[in-house]
**Student:** 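Below you will find the structure I want to go over with you.
This is a predicted model, so every value here is computed, not measured. Note that ligands are numbered from 1 as they come in the structure, with each ligand's atoms numbered from 1 the same way. The figures here come from the full heavy-atom set of this structure, side chains too, leaving out hydrogens, waters and symmetry mates.
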Amino acid sequence: MANASKRLQDIPASGTVAISNLVSQLKANGVDIISFSMGEPDFVTPSNIVNSCIESLRDGFTHYTSSLGIPELRVAVANKSVTQNRIPCTEKNVLITPCKQAIFMTALAYLDPGDEVILSDPSWVSYEACIRLAGAKPVYIPTKFEEDFVIDPSLLEAAITPKTKMIILNTPSNPTGGVLPVQTIKAIAEIAIKNDIMVMSDEIYESIIYEGKHLSIASLPGMFERTITISGLSKTYAMTGWRLGWAIAPEIDIKNINKLQTHSISCCVSFTQPAAVEAINGPQKEKDDMVREFKKRRDLALDLISEIKGLECNVPKGAFYLFPKYNVSMSSEELATQLLEKAHVAVTPGSAFGPCGEGFFRISYATSEEQIREGLDRLRFFMNGL
Ligand code: GLU
């Protein structure tokens, strides 16, 4: 068999997806696993969205669409982004594409070998892989548990070199659930403008915020022209399996990224796109109910974790992740492995998210109250035994 490309050789598979694959395999073998691993809502997609998709299939809407996405969806995304996010865009600034694909294509479209990309440590697992696959270098800015993992703009500024091409932001954050304060986002915007650096802003958890409000960096003066905003439907409407999202950027950037889309997936699945219009423009009650339910689960999980010896956790303001710190001398990889093998509870080791994630693990609480109680009970028992 041929060797994998040099580009790929030292890139690990996604830590989050690898654990989720392992959990599926264990479950298929009859092992009773409580999974806090994958970041995906356990709810089903609201029925108005599903029905719209079925209708499209029945109507024969089963062919390629424009690589940019159907016009109605580009308009719906643009309108939503103007009214809710205050991003000064029109449909011409929208490319319909899966969120992860948008991140991957943005890296390929803008990074050259030698370029540096600044990102927060810890950060979601695939940013580093996308940066490195494009030949560029990730430059991590350490953040602290005691400071709610909020990036310090002065550290960010100090990390800038003539090679810095891009800053990646992700608020609310995966894996910490942290929401960047408005002042921090404004300070980062000023630094980006002053140093002429582009920003890739991953806002996939924008609707799952319990305290405070979401701020899109592209809405700030002078930022639209240097920002690729990426978001989608997966988390907001429990549509992870639909693989549907978007990138919002100046037309020239949409043109560049779309070039990669035409050479890779061609377009998003056709019959899901009218359903995405329904998701954005249709009734929002089920979405609001889901967010309320996530908050209840967060509070429950935090309560239960506070009773576990050896764990400390701060209160995340968004997404559906907890990122507890543990006080046992063991790597997070080892802890996650033992927890899975001995207690049948799946979590993601903190080290998967960058060096500052060591000593932590990620819990996705987007699962039922019953599973949260049972899983955290097993976790308590496991921690007591260490
Ligand atoms: N973003 C989710 C997670 O971190 C889904 C898996 C992935 O895309 O990495 O679990």
Side-chain angles (χ1 to χ4, degrees), residues 11-27 33-43 45 97-107 119-133 138 149 168-179 200-209 230-247 265 268 290 294 297-298 301 316 318-324 332-333 336 339-340 345-354 356-357 360-367 371-372 375:
I11 308 275
S14 157
T16 47
V17 178
I19 291 174
S20 148
N21 288 348
L22 179 62
V23 167
S24 306
Q25 193 190 326
L26 288 166
K27 280 187 175 170
I33 301 282
I34 304 280
S35 180
F36 295 136
S37 67
M38 197 63 160
E40 76 168 333
D42 59 324
F43 301 105
T45 305
T97 188
C99 203
K100 229 164 161 172
Q101 175 84 6
I103 293 166
F104 191 67
M105 293 194 299
T106 299
L119 70 170
S120 171
D121 177 9
S123 267
W124 174 60
V125 294
S126 294
Y127 300 134
E128 175 173 338
C130 291
I131 295 166
R132 288 170 56 204
L133 283 167
F149 302 102
I168 298 183
L169 289 188
N170 172 220
T171 181
S173 149
N174 177 2
T176 69
V179 173
M200 176 164 78
S201 183
D202 175 357
E203 304 183 12
I204 188 69
Y205 298 97
E206 60 177 299
S207 306
I208 308 175
I209 294 209
I230 294 171
S231 192
L233 303 167
S234 291
K235 320 286 177 173
T236 307
Y237 299 98
M239 291 173 71
T240 47
W242 296 60
R243 313 313 299 139
L244 208 48
W246 52 82
I265 60 172
C268 280
M290 283 191 262
F294 285 140
R297 294 172 182 187
R298 178 199 68 169
F320 35 61
Y321 302 113
L322 300 180
F323 203 58
S332 55
E333 180 106 40
L339 186 59
L340 185 59
V345 174
V347 298
T348 311
S351 59
F353 303 98
C356 286
F360 298 83
F361 57 90
R362 190 190 75 175
I363 287 179
S364 164
Y365 57 83
T367 186
Q371 294 270 303
I372 291 171

**Student:** Walk me through whether F360 and F149 qualify under ring pair (Phe, Tyr, Trp, His ring centres under 6.0 Å).
**Tutor:** CA-CA 12 Å; F360 298 83; F149 302 102; 5.5 Å; yes
**Student:** Does N170 reach the side chain of S120, with side-chain heavy atoms less than 4.5 Å apart?
**Tutor:** no
**Student:** Among all the protein's non-hydrogen atoms, which is closest to atom 9 (O) of ligand 1, and how far away is it?
**Tutor:** T16 OG1, 2.5 Å
**Student:** When you look for heavy atoms under 4.0 Å from ligand 1, do you find them on the side chain of Y321, its backbone, both, or neither?
**Tutor:** side chain
**Student:** Which bit of T240 gets closer than 4.0 Å to ligand 1, counting heavy atoms only: side chain, backbone, both or neither?
**Tutor:** neither
**Student:** What are the atoms of ligand 1, with element, lying closer than 4.0 Å to any heavy atom of K100?
**Tutor:** 7 (C), 8 (O), 9 (O)
**Student:** Is it the case that the side chain of K235 and the backbone of G39 share a donor-acceptor pair, with hydrogens and angles ignored and the cut-off at 3.5 Å?
**Tutor:** yes
**Student:** Tell me yes or no: between the side chains of T16 and T348, is some donor less than 3.5 Å from an acceptor?
**Tutor:** no
**Student:** Does the N or O separation between M38 and ligand 1 drop below 3.5 Å for any pair?
**Tutor:** no
**Student:** What I want to know is whether S126 and ligand 1 share at least one N or O pair that is separated by under 3.5 angstrom.
**Tutor:** no
**Student:** Are there more than 12 heavy atoms of other residues, nucleotides or ligands under 6.0 Å from atom CD of Q371?
**Tutor:** yes
**Student:** Which residue and atom name correspond to the protein heavy atom nearest atom 2 (C) of ligand 1, and how close is it?
**Tutor:** K235 NZ, 3.3 Å
**Student:** Hey, does E40 sit under 4.0 Å from ligand 1 if you only count heavy atoms?
**Tutor:** no
**Student:** Would you check whether F353 reaches within less than 4.0 Å of ligand 1, judged by its heavy atoms?
**Tutor:** no
**Student:** For the pair D121 (side chain) and C356 (backbone), establish whether a donor and an acceptor sit closer than 3.5 Å, ignoring hydrogens and angles.
**Tutor:** yes
**Student:** Keeping S332 on the side-chain end and F361 on the backbone end, is there a donor-acceptor pair under 3.5 Å?
**Tutor:** no
